[in-house]
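Worksheet: the structure to be examined is printed underneath.
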Amino acid sequence: MSRPTSFTEPAKKHLGQHFLHERGIISKIVQAVDPQPGDRLVEIGPGQGAITFPLLDRHGELTVIEFDRDLIFPLTEAARAHGTLEVIHRDVLKVDFTALAHNGGPIRLVGNLPYNLSSPILFHALEHAASIRDMHFMLQKEVVDRMAAEPGSKVYGRLSVMLQAYCHVTPLFTVPPGAFRPPPKVDSAVVRLVPCDPAAIRVRDRAKFEAVVRDAFGQRRKTLRNALALQCDAAAIEAAGVRPDARAEQIGVDDFVRLANSLSD
Ligand code: SAM
């Protein structure tokens, strides 16, 4: 079977393919990552190599995880001129980041993510947070706003609380649709996530924490007393130092952690 040696395939919508072409944006991403000798860099969704090749030029070696089989061969061929590329041809959600970190220490994840999978990829990375040094991701700006939102904001929700309980979230810069081919319909943004020191994570029972946050925001217009009726009564919420008549969007990450911990005692 003959294999394409250049990137001739049209972008695949179902794989969220929006290829970056704006050089200024690509250099800002590489500068934000700022690879240092010995770093173990792993890129999710290298596509046609827009970020891959500049990272390879700067760092010399890189592991990439790509699901689209049509891209694997041209990517591998084109990478030869830039450095040593290890290609993992797999769905990123099935990649064990902890196993990857066994060979060379905590990994640094980078990626212009397929937007249809951004939340599943973020939650998958959280599962492996102890093996990840940091993450630099391009996502829909609306998702980055939700990730970094504070209590009281309209976009503060489950994603904000779950990520901020485990990571420091820093939005870096916005990227307009014209920086991609084909252009997405919305603005994008690059965000940095740095997993907290495991000793500083106060969530005791992750499943309980997830359940409390999910139910609290599942019915965000309701008071916590009503939204959490299946988990606990008002007295238990009050005993954790949280107002039962507050709504989820008014409660800080620390309050959610305290509440879930007191319910899992
Ligand atoms: N990094 C390239 C760039 O910036 O131009 C491509 C970014 S494009 C938004 C997303 C990439 O993720 C595509 O190459 C797509 O094939 C890949 N992708 C989509 N779903 C994936 C999955 N489940 N696992 C790994 N890669 C995936």
Side-chain angles (χ1 to χ4, degrees), residues 3-4 6-33 35 41-59 61-79 82-83 85-97 99-100 107-128 132 135-144 172-192:
R3 288 182 289 187
S6 60
F7 298 110
T8 51
E9 302 284 326
K12 293 173 182 149
K13 207 174 164 186
H14 71 285
L15 291 178
Q17 291 181 349
H18 294 280
F19 298 119
L20 250 180
H21 66 85
E22 213 29 78
R23 284 179 183 279
I25 301 290
I26 295 166
S27 352
K28 273 172 93 169
I29 294 172
V30 175
Q31 271 172 36
V33 176
L41 294 185
V42 178
E43 186 189 1
I44 300 171
Q48 301 182 341
I51 308 170
T52 318
F53 302 143
L55 275 178
L56 266 182
D57 289 338
R58 169 92 186 255
H59 194 57
E61 55 184 356
L62 178 67
T63 297
V64 295
I65 303 164
E66 175 57 64
F67 187 61
D68 183 353
R69 68 191 295 272
D70 293 331
L71 293 173
I72 304 297
F73 189 71
L75 190 69
T76 309
E77 287 295 291
H82 300 271
L85 188 71
E86 179 194 20
V87 182
I88 300 175
H89 176 205
R90 204 173 303 157
D91 174 357
V92 63
L93 298 177
K94 300 208 168 98
V95 173
D96 182 344
F97 294 134
L100 274 187
I107 55 174
R108 305 190 64 200
L109 284 174
V110 184
N112 170 14
L113 299 186
Y115 293 170
N116 50 334
L117 283 187
S118 46
S119 289
I121 292 173
L122 290 170
F123 281 101
H124 180 59
L126 275 191
E127 305 262 315
H128 296 271
I132 298 173
M135 303 169 244
H136 290 83
F137 290 147
M138 173 98 75
L139 297 157
Q140 285 163 275
K141 181 174 181 302
E142 170 263 323
V143 175
V144 171
L172 296 180
F173 52 91
T174 304
V175 181
F180 306 85
R181 272 194 213 104
K185 291 200 172 69
V186 291
D187 275 342
S188 302
V190 174
V191 64
R192 174 184 292 136

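Everything quoted here is computed from the prediction, not taken from an experiment. Each ligand, and each atom within it, is numbered from 1 in the order the structure gives.
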Show the short N or O contacts, below 3.5 Å, that ligand 1 makes with protein N or O atoms; if there are none, say 'none'.
residue	atom	partner	partner atom	Å
ligand 1	1 (N)	Gly45	O	2.8
ligand 1	1 (N)	Pro46	O	3.3
ligand 1	4 (O)	Asn112	ND2	2.9
ligand 1	5 (O)	Leu20	N	2.8
ligand 1	14 (O)	Gly47	N	3.3
ligand 1	14 (O)	Glu66	OE1	2.7
ligand 1	16 (O)	Gln17	NE2	2.9
ligand 1	16 (O)	Glu66	OE2	2.6
ligand 1	23 (N)	Asp91	OD1	2.9
ligand 1	24 (N)	Val92	N	2.9
ligand 1	26 (N)	Phe67	N	3.4

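In terms of modelled atom types and a separation under 3.5 Å, the side chain of His89 and the main chain of Asp68 share no donor-acceptor contact. In this structure, Gln17 contributes its side chain and Ala11 its backbone to no donor-acceptor pair below 3.5 Å.
Across all their heavy atoms, Leu15 and Asn116 have their closest contact at C-OD1, 4.5 Å.
Partner of Glu43 under the side-chain contact (heavy atoms from CB on, under 4.5 Å) criterion, chosen from Leu62, Leu56, Val33: Leu62.
For the pair His136/Arg108, a side-chain contact is recorded, criterion being any heavy-atom separation below 4.5 Å from C-beta on.
Using a 30° and 60° split on the angle between ring planes, Phe97 and His124 fall in the tilted class, from 30° to 60°.
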